[in-house]
Amino acid sequence: MTAFDNKKGRSILQAMVRSIQQNKTHLSDIDGLIGDGDHGINMNKGFSLFEKEYKDKELSFNEGLEKLGTTLMNKIGGSMGSIYGTLFIGMGEAGSRLTKISLADLTAMIEKGYSKLSEIIEARPGDKTLIDTLAPALESLKKSTEKKEDFKTALIKMKAAAKAGSDSTRELKARYGRASRLGERSIGVPDAGSVSCRLLLAAMGDAIVELLE
Amino acid sequence: MTAFDNKKGRSILQAMVRSIQQNKTHLSDIDGLIGDGDHGINMNKGFSLFEKEYKDKELSFNEGLEKLGTTLMNKIGGSMGSIYGTLFIGMGEAGSRLTKISLADLTAMIEKGYSKLSEIIEARPGDKTLIDTLAPALESLKKSTEKKEDFKTALIKMKAAAKAGSDSTRELKARYGRASRLGERSIGVPDAGSVSCRLLLAAMGDAIVELLE
Amino acid sequence: MQRIINDPDNIVDEMLEGFLKAHADIVEATANPRVIKARNIPGAKVGIITGGGSGHKPAFIGYVGKNMCDAAAVGEIFSSPTAAAFLDAAKVADQKKGVACLYGNYSGDNMNVKMAVAMAKKEGIAIKTVIANDDVASAPADQREKRRGVAGEIFMWKVGAAKAAQGASLDEVIAAAQKAVDSTRSVGIGLSPCTLPAADHPNFAIKPSTMEIGIGHHGEPGMKVEPLGSAEDIAKIMVNIVLPDYPFKEGDQTAVLVSGLGATPVMELYVLYNEIEKLLQQKGIKIYKNYVGNYFTSLEMKGATFTMMKLDDELKELIDMPACSMGLKEGVCS
Amino acid sequence: MQRIINDPDNIVDEMLEGFLKAHADIVEATANPRVIKARNIPGAKVGIITGGGSGHKPAFIGYVGKNMCDAAAVGEIFSSPTAAAFLDAAKVADQKKGVACLYGNYSGDNMNVKMAVAMAKKEGIAIKTVIANDDVASAPADQREKRRGVAGEIFMWKVGAAKAAQGASLDEVIAAAQKAVDSTRSVGIGLSPCTLPAADHPNFAIKPSTMEIGIGHHGEPGMKVEPLGSAEDIAKIMVNIVLPDYPFKEGDQTAVLVSGLGATPVMELYVLYNEIEKLLQQKGIKIYKNYVGNYFTSLEMKGATFTMMKLDDELKELIDMPACSMGLKEGVCS
Ligand SMILES: Nc1ncnc2c1ncn2[C@@H]1O[C@H](COP(=O)(O)OP(=O)(O)O)[C@@H](O)[C@H]1O
Ligand SMILES: Nc1ncnc2c1ncn2[C@@H]1O[C@H](COP(=O)(O)OP(=O)(O)O)[C@@H](O)[C@H]1O
Ligand SMILES: [Mg+2]
Ligand SMILES: [Mg+2]
Ligand SMILES: [Mg+2]
Ligand SMILES: [Mg+2]
């Protein structure tokens with residue numbers, strides 16, 4: 001139970017696609033409160049496009065991430081196209097030579113994606129964006145790796161960190177994205193991107209657990 | 001109780017104005033069912049304009065009718081401006097030399113108005129317009145005049161005839177005005193103009209009764 | 001009602017004030033506050049006038065301008081202008097070459113124009129009328145004279161005004177405008193109602209997920225109510241109502257106008273035009289010229305109208321003439 | 001939702017198809033289905049490109065044309081175009097004299113343009129950007145760089161494109177477009193929300209009898225919600241937000257744009273313009289040129305924006321240059 005087969009990654013991507021599809025309306029509703037109400041529509045369109053395009057094709061985890069990222073980047077646009085596109089492409093690239101993916105590998109992949117992402121956005125934790133989910137999730141994985149924790153335990157902790165991070169956005173003032181100019185009025189509502197990021201990390205984590213050998 | 005003083009006509013006109021003002025919404029609602037929903041608005045605007053313009057001026061019945069007709073004709077437009085404008089101006093002209101107005105005089109006045117009106121519209125009884133109210137009301141007055149009935153009785157009968165005529169439009173197919181192209185769909189709803197005409201005739205009749213000497 | 005207005009009873013006057021300020025290069029006020037005229041009406045040509053109720057912007061005043069109407073009479077919302085306004089419009093446009101009054105078939109307008117024409121003639125103005133009745137859904141083909149005028153009025157104005165600009169006689173102008181009307185058919189589909197500014201609720205209802213086929217420009221009920229279709233369905237319904245009525249046939253050259261009724265996003269009008277174009281293409285009918293946008297509206301109604309005019313050489317030449325009005329800018333606006 | 005569409009996921013592509021058919025005299029397709037270009041881009045001039053989410057018609061593609069933008073990248077509804085689309089727009093517009101990318105300040109657009117600029121530079125295209133941030137309500141004056149771009153983008157495009165048409169260098173074009181942005185301030189007031197075609201309910205709420213002051217072009221919440229005022233009240237609020245921010249002062253010559261957000265009847269825009277004009281007149285500010293209509297919309301939102309640009313001689317000359325696009329027709333459309 002220390003790694004999973006990169007080749008079997010399709011199920012992880014499928015789980016990610018499904019979680020977005022199932023939460024399409026929820027994500028748009030949240031975005032509607034302080035944004036423009038299209039987050040679920042944008043995400044669903046991109047993820048479903050990817051699903052359709054690669055339906056009958058073999059895909060490893062890292063390939064899948066790259067293809068998903070490229071689809072988002074080149075077909076969807078919006079903030080999400082570039083943000084999740086950059087994140088997934090970065091993750092995929094970092095995992096390109098792996099046969100088995102360990103906790104340390106997954107951590108390194110997400111770290112690479114996050115660092116690529118930081119090149120195009122300025123948001124830091126506390127700015128009420130998906131970074132508030134991604135950063136603590138990555139932190140948690142890093143700590144688990146250091147402590148050589150069990151992969152499954154690490155994933156459960158990561159999920160919890162992502163959720164806590166996403167929940168924390170409720171109390172924050174938005175500083176980036178459409179909601180940023182709301183000031184005080186953005187407080188009390190979670191950030192849509194932080195919620196989709198939490199859903200994606202949770203789906204990924206759960207699907208990996210199923211694949212652990 | 002056989003005539004009223006032409007000079008005292010202001011109260012009759014005021015009653016007519018008030019009945020339109022009070023039924024503004026009702027008239028628009030009826031017009032909305034098979035027309036364009038503005039009959040009450042149009043009528044109220046015209047009648048209220050007249051009220052305002054002649055607030056502090058002396059007005060006999062025939063003068064008032066002429067002024068009201070002219071206001072409708074020149075300020076309001078629409079079908080109503082020309083229809084009621086023509087009717088009232090015709091009535092007013094026919095009464096211009098009268099000091100006292102008897103049942104026969106009133107009948108002649110309405111007859112003149114109706115004949116003027118017939119010059120500009122083609123609608124006949126049965127076409128689902130205000131003619132379905134006006135024509136039987138005039139018929140009733142004519143019969144009462146012939147039979148030398150009491151003025152008050154004649155007015156009560158006239159009101160009943162107007163109401164019956166207006167009610168009859170419910171079962172008719174519209175042949176003129178905006179509702180005319182509805183065919184079967186215009187059945188079941190009264191004609192807005194026939195309702196306003198009934199209201200005006202009733203208000204006029206009631207106010208005349210008060211003035212009878 | 002969510003509106004940007006002051007007193008609803010003054011909306012027409014205030015709108016006119018703003019319109020005159022905004023388009024002072026195209027139009028100007030006249031002595032009658034309910035009549036506006038084009039700037040610099042060229043002399044020695046037939047005067048073109050129109051008029052109608054308000055709430056249809058750009059119609060009617062948006063089609064006053066260079067090589068378009070010379071003057072327009074302005075009514076209350078959805079209500080004919082007065083006979084006096086039509087008369088004053090005729091006087092303003094009269095250059096002693098006659099006046100063509102080109103308007104739409106509504107009983108209020110008919111009555112007021114009839115009275116205005118009688119008065120104008122008394123004052124020595126040679127005036128003739130053409131009455132647009134392009135709305136196929138408003139009466140069967142054997143009662144065409146009862147049909148309403150809708151967005152097709154724009155073609156009547158464009159053609160009549162262009163003919164006048166060419167220096168044609170009153171009879172020639174009337175004949176050209178009448179030809180435009182006779183070659184034009186329209187149909188409207190309503191998706192949501194509108195509310196009169198002085199009222200507090202819509203003046204008719206269109207149930208969600210339904211559409212009213214053949215609706216009029218004031219919400220006059222149409223031929224039937226059906227479940228809301230796709231853009232493709234709507235295009236088919238419209239084409240199948242309009243095409244057989246004229247009839248338009250393979251090889252015809254046409255002008256096509258797809259107008260929004262006010263609140264339908266312009267994006268959707270292009271989706272609809274795309275479908276209509278495909279259907280006409282299939283039938284071998286050529287769109288020589290198209291107009292897509294909010295050309296003739298009904299306050300904030302949702303829905304659209306489809307109008308088609310068959311072109312011959314004369315109509316092509318007239319429709320192509322440059323014009324400058326707020327609602328139609330083709331070629332030089334100086 | 002009462003819409004004329006087929007599959008909501010294809011609305012943008014179908015709208016583009018219809019748009020290209022309808023305006024084949026002004027625009028044409030490119031190899032990238034999400035990039036459209038002006039017909040006959042004159043050589044030897046700086047290329048002008050823009051791009052943004054859909055649902056704002058005439059923006060953005062309605063401002064592609066002669067003496068206007070040369071190409072536009074088209075995004076999903078309310079969503080930035082891809083970096084690839086911005087890149088392809090730059091390639092199409094590039095005449096080896098450099099490309100000016102003039103767009104609005106939204107995080108999606110910023111990211112995608114940033115990536116496109118990096119890729120374009122790699123391919124040897126000299127490309128520079130100007131970011132419109134005219135929306136006063138979207139950030140305090142000391143954080144102007146955070147403000148959104150709204151209807152004022154139209155002035156940026158008009159000025160930048162006119163400068164390019166004069167044969168100016170890339171730096172001169174950028175300077176002129178930047179001057180337009182720096183001299184322009186806007187504010188929006190929302191009266192009712194809009195619904196994304198793929199959604200089944202409005203993406204935000206505006207309670208009846210209230211208005212949202214400072215609302216964004218995608219329904220981004222504004223500065224505050226107040227009881228719905230009269231046109232006069234609304235004009236005062238708008239003028240009092242816009243004027244002090246620049247500041248505009250007595251004697252200034254300005255261009256004023258009052259745009260509807262989609263479903264507000266054009267009639268009401270004239271009522272609003274009338275009130276704004278009165279207020280500016282009182283303050284001795286001159287309206288050199290005005291634009292009233294649906295110039296930059298948000299699907300079927302009700303409400304309006306008020307935009308004002310202070311003019312100097314250069315801006316006057318540029319704003320007066322003839323142009324021909326679907327959304328702005330000034331002078332010759334040939
Ligand atoms: N500049 C930014 N930096 C970081 N995150 C951002 C930025 N802009 C937007 N986001 C994220 O994107 C989410 C909104 O995504 P979405 O609604 O799909 O795009 P859009 O804002 O273009 O409508 C926000 O909730 C936020 O998490
Ligand atoms: N041609 C006509 N002949 C007779 N009556 C008519 C005619 N046109 C309209 N009417 C009357 O006018 C009424 C509608 O008036 P109104 O709603 O004020 O005007 P509009 O039809 O211009 O909106 C109808 O109910 C009908 O009684
Ligand atoms: Mg969003
Ligand atoms: Mg009516
Ligand atoms: Mg009416
Ligand atoms: Mg968006």
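Atoms considered below: every heavy atom in the structure, side chains included; atoms not considered: hydrogens, waters and symmetry mates. Chain A is the first sequence line, chain B the second, and so forth, proteins listed ahead of strands; every chain is numbered from 1.
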**Message:** Is it the case that over 12 heavy atoms from other parts of the model lie below 6.0 angstrom from the CD atom of A:Glu122?
**Reply:** no
**Request:** Identify the heavy atoms of A:Thr133 and A:Arg198 that sit nearest to each other, and give their distance.
**Result:** CG2-N, 3.5 Å
**Fill in**
If one checks every heavy atom of A:Ser82 against chain D at 4.5 Å, the contacting part turns out to be both
**Minimum heavy-atom distance D:Ala132-D:Glu153, with the two atoms named** = CB-CG, 3.4 Å
**Prompt:** In terms of heavy-atom pairs under 4.5 Å with chain A, which of D:Lys114, D:His201, D:Met223 leads?
**Reply:** D:His201
**Message:** Less than 4.5 Å to any heavy atom of chain D: does that hold for the side chain of A:Asn44, its backbone, both, or neither?
**Reply:** neither
**Message:** Applying the salt bridge (charged side-chain N to carboxylate O under 4.0 Å, His left out) criterion to D:Asp135, which one of D:Arg148, D:Arg185, D:Lys146 satisfies it?
**Reply:** D:Arg148
**Prompt:** Which heavy atom in A:Gly193 sits nearest to a heavy atom in A:His39, and how many Å separate them?
**Reply:** CA-NE2, 3.7 Å
**Fill in**
Greatest number of non-hydrogen atom pairs under 4.5 angstrom with chain D, of A:Gly78, A:Ser28, A:Gly32, falls to A:Gly78
**chain D contact via A:Ile76 - which portion, at a heavy-atom distance below 4.5 Å** = backbone
